[in-house]
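No hydrogens, no waters, no symmetry mates; every other heavy atom, side chains included, goes into these values. Keep in mind that this is a model prediction, so the values were computed, not measured. Each chain gets a letter, A, B and so on, in the order its sequence line appears, and its residues count up from 1.
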There are 2 protein chains.
Amino acid sequence: MNFSQVTLFEGIQEQDCRAMMDCFGVTLRSFRAGQTILEYGSGNSLVGILQQGAASLVRVDRDGNRTVLEHLGPNSVFGELLAFPCVGMDSMWVRCEDDCEVAMLRYDQITKRCERACAHHSRLVENFFGLMRHKAMALSERVEVLSRRSIREKLSAYFLLLSLKNRSKRFQLPFSYSFLADYICTDRSAMMRELRNMKEERLLQTQGREILLYPAFFQLTGSVDKRLE
Amino acid sequence: MNFSQVTLFEGIQEQDCRAMMDCFGVTLRSFRAGQTILEYGSGNSLVGILQQGAASLVRVDRDGNRTVLEHLGPNSVFGELLAFPCVGMDSMWVRCEDDCEVAMLRYDQITKRCERACAHHSRLVENFFGLMRHKAMALSERVEVLSRRSIREKLSAYFLLLSLKNRSKRFQLPFSYSFLADYICTDRSAMMRELRNMKEERLLQTQGREILLYPAFFQLTGSVDKRLE
DNA sequence: TATAAATTGTTGCAATCGCAACAAGTATAC
DNA sequence: GTATACTTGTTGCGATTGCAACAATTTATA
């Protein structure tokens with residue numbers, strides 16, 4: 001949430017960016033919704049930084065179960081070198097949800113000694129460092145949700161998180177309910193059932209993908225709804 | 001697994017370390033098994049790097065459920081600024097499992113411009129960068145396990161992972177079975193039951209905390225047991 | 001606009017899981 | 001060396017969850 005929104009070229013003059021992109025071997029690429037940016041498991045050492053759009057790291061196991069391992073937004077970093085190697089018969093890839101703009105570079109380029117001694121070299125490394133902190137927090141958030149023991153607790157943890165990010169009891173789901181089920185790693189029908197129960201218990205209300213949390217929700221989760229509209 | 005084992009002062013001469021530690025405000029602290037290194041939720045901006053020993057980031061929710069969010073070994077980085085803020089009535093802290101040696105510094109010290117212009121300043125930032133990559137992979141590994149849908153799948157994913165790290169079908173659990181249950185976020189008795197089932201199906205064998213995976217285990221998970229002793 | 005694909009919503013039923021409770025064994029602390 | 005805490009192992013039972021299957025609706029595509 002209170003990510004100091006660092007971007008890759010933060011604090012670097014427009015005119016220097018071009019030169020630095022050459023130096024680091026950064027390429028900008030565009031992808032359309034549905035396209036695959038990277039396929040993991042091939043030993044690819046490319047690292048991507050999402051500049052625009054949304055994407056997700058998806059795993060499909062040998063039984064065909066789809067799992068959304070990470071949901072990526074602007075300034076998210078991804079790449080095989082930053083993920084646990086996929087094992088067994090699973091396949092993993094980063095797929096665009098919307099049209100995306102991605103900056104890509106080879107991992108080993110990041111900390112290499114710069115022959116041309118760009119003035120802003122170390123600044124870029126520091127920026128990248130900030131992006132890595134962003135990623136650690138995003139993954140930690142992921143663990144926060146997945147470590148909950150029941151569907152209700154997972155939903156609650158995720159909804160609370162979205163409401164904090166939005167500073168509001170009312171917020172929009174960033175994706176479909178089917179997708180949400182794969183994100184919290186449960187069966188969709190079981191999730192829908194639990195969601196219905198929560199509505200019947202007056203914990204929340206939904207209207208399409210807009211969700212409104214009632215005071216009872218905050219009581220139950222032991223969190224505060226002060227400061228939130 | 002194939003972490004290029006970067007340490008904080010990697011590539012920096014012994015004699016320079018002292019000066020740099022002053023410059024960055026790094027302090028070395030020792031903790032005994034069972035002691036708490038950091039309590040999260042207080043807005044503490046300290047970052048720790050485990051030099052020796054093992055520790056874990058533990059959450060206890062308002063119902064008293066204990067969850068092991070992260071298991072930390074040498075060169076693991078931790079700190080409130082690298083984790084999702086704990087919400088609601090949960091409490092979180094980093095606790096030593098063994099006697100530990102920890103290097104601690106303030107987060108904002110890491111990328112600050114160095115007035116004294118230490119020769120190795122940028123090298124240290126790069127090293128820290130490597131530690132952050134290590135952390136991203138560790139968290140990703142955590143998601144890999146927790147995203148599995150059943151106890152059996154979680155156990156399998158974790159065991160496979162340990163066997164890969166050990167390059168062997170035979171390996172030692174790094175903690176107790178009670179702890180393991182909190183690590184894979186399930187009920188201990190249910191986990192023990194599933195473990196028994198797996199033994200009866202000749203997927204594996206245990207002797208205390210030593211586990212041996214049978215060929216049938218690798219067949220079932222669709223992974224290879226070549227290369228492994 | 002017609003057609004296909006994806007999403008939402010629902011249900012019965014069986015499998016899995018969590019909980020409570022207990023007993024035996026092992027390590028640790030005083 | 002005895003008490004205490006922790007760990008391992010087990011069970012019955014009820015609650016939760018996953019699965020299969022289906023229908024209705026919305027969204028995307030030709």
Side-chain angles (χ1 to χ4, degrees), chain A residues 32-35 56 58 60-68 95-99 145-157 172-201 204-211, chain B residues 32-35 56 58 60-68 95-99 146-156 172-201 204-211:
Chain A
R32 323 234 44 178
Q35 281 192 298
S56 45
V58 174
V60 174
D61 68 21
R62 54 122 117 256
D63 301 329
N65 292 309
R66 187 181 66 159
T67 303
V68 178
R95 175 161 299 182
C96 296
E97 284 160 35
D98 314 317
D99 292 356
V145 172
L146 292 180
S147 63
R148 302 294 170 169
R149 283 144 200 263
S150 62
I151 294 182
R152 177 175 293 217
E153 279 186 314
K154 285 181 183 180
L155 283 175
S156 298
Q172 201 78 16
L173 260 192
F175 35 54
S176 72
Y177 285 94
S178 318
F179 205 92
L180 177 58
D182 294 339
Y183 188 75
I184 65 171
C185 305
T186 54
D187 179 72
R188 187 186 61 83
S189 68
M191 185 196 77
M192 296 300 273
R193 179 167 41 204
E194 194 57 38
L195 202 52
R196 176 163 24 100
N197 294 341
M198 291 174 82
K199 285 187 227 172
E200 281 167 3
E201 290 174 41
L204 52 84
Q205 165 196 314
T206 69
Q207 201 173 341
R209 292 183 190 172
E210 182 174 278
I211 293 171
Chain B
R32 322 232 46 176
Q35 280 192 298
S56 46
V58 174
V60 174
D61 67 22
R62 56 125 113 255
D63 302 329
N65 293 308
R66 186 181 67 157
T67 303
V68 177
R95 176 159 299 182
C96 296
E97 284 160 35
D98 313 318
D99 293 356
L146 292 180
S147 63
R148 303 294 170 168
R149 283 144 200 263
S150 61
I151 294 182
R152 176 175 294 219
E153 278 186 314
K154 285 180 183 180
L155 283 176
S156 298
Q172 200 77 17
L173 260 192
F175 34 55
S176 72
Y177 286 93
S178 321
F179 205 91
L180 176 59
D182 294 339
Y183 187 75
I184 65 171
C185 304
T186 54
D187 179 71
R188 187 187 61 85
S189 68
M191 185 196 78
M192 296 299 275
R193 177 167 42 204
E194 195 56 39
L195 202 52
R196 178 165 19 103
N197 294 341
M198 291 174 83
K199 285 186 228 173
E200 281 167 5
E201 293 174 39
L204 51 84
Q205 163 197 315
T206 69
Q207 200 173 339
R209 291 181 190 172
E210 181 173 279
I211 293 171

Start with the C-alpha distance between B:Arg149 and A:Asp187, add both sets of side-chain angles, then the distance that settles side chain to side chain contact (heavy atoms under 4.5 Å, CB included), and finish with yes or no. CA-CA 9 Å; B:Arg149 283 144 200 263; A:Asp187 179 72; 5.8 Å; no

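- Between B:Met191 atom CE and C:dT16 atom P there is a gap of 17 Å when expressed in whole angstrom units.
- In this structure, B:Arg95 atom CZ and D:dC6 atom P are separated by 11 Å, rounded to whole Å.
- We find that CE of B:Met198 is positioned 16 Å from C1' of C:dC17, with the value rounded to whole Å.
- Atom CD in B:Glu194 sits about 14 Å away from atom P in D:dG18, given to the nearest Å.
- Comparing B:Ala190 and A:Ile151 along DNA chain D, the residue whose closest nucleotide (by nearest heavy atom) sits nearer the 5' end is B:Ala190.
- At least one donor-acceptor pair under 3.5 Å links the side chain of A:Gln35 to the backbone N or O of A:Arg32.
- Rounding to whole angstrom units, CG of residue B:Asn65 and C1' of C:dA20 are separated by 14 Å.
- With B:Met198 as the fixed residue, the side-chain contact (heavy atoms from CB on, under 4.5 Å) test singles out one of B:Arg193, B:Gln205, B:Arg152: B:Arg152.
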Could you list, one pair per line, each protein nitrogen or oxygen that sits under 3.5 Å from a nitrogen or oxygen of nucleotides 8-10 of chain C, together with the distance?
residue	atom	partner	partner atom	Å
C:dT8	OP1	A:Arg209	NE	3.4
C:dT8	OP2	A:Tyr177	N	2.7
C:dT8	OP2	A:Ser178	N	3.1
C:dT8	OP2	A:Ser178	OG	3.4
C:dG9	N7	A:Arg188	NH1	3.0
C:dG9	O6	A:Arg188	NH2	3.0
C:dT10	OP2	A:Arg196	NE	3.3

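- Following rounding to the nearest Å, B:Arg149 (CZ) and D:dT17 (C1') show an atom-to-atom distance of 12 Å.
- A donor-acceptor pair under 3.5 Å is absent between the side-chain atoms of A:Tyr183 and the main chain of A:Tyr177, judged by distance alone.
- Look at NZ on A:Lys154: it is 12 Å from P on C:dC17, rounded to the nearest Å.
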One pair to check against side chain to side chain contact (heavy atoms under 4.5 Å, CB included): A:Ile184 and A:Leu155. What are the steps and the verdict? CA-CA 8 Å; A:Ile184 65 171; A:Leu155 283 175; 3.9 Å; yes

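- Distance B:Glu153 CD to C:dA15 C1': 14 Å, rounded to the nearest Å.
- Between the CG atom of B:Leu180 and the CZ atom of B:Arg188 there is a distance of 11.5 Å, given to the nearest 0.5 Å.
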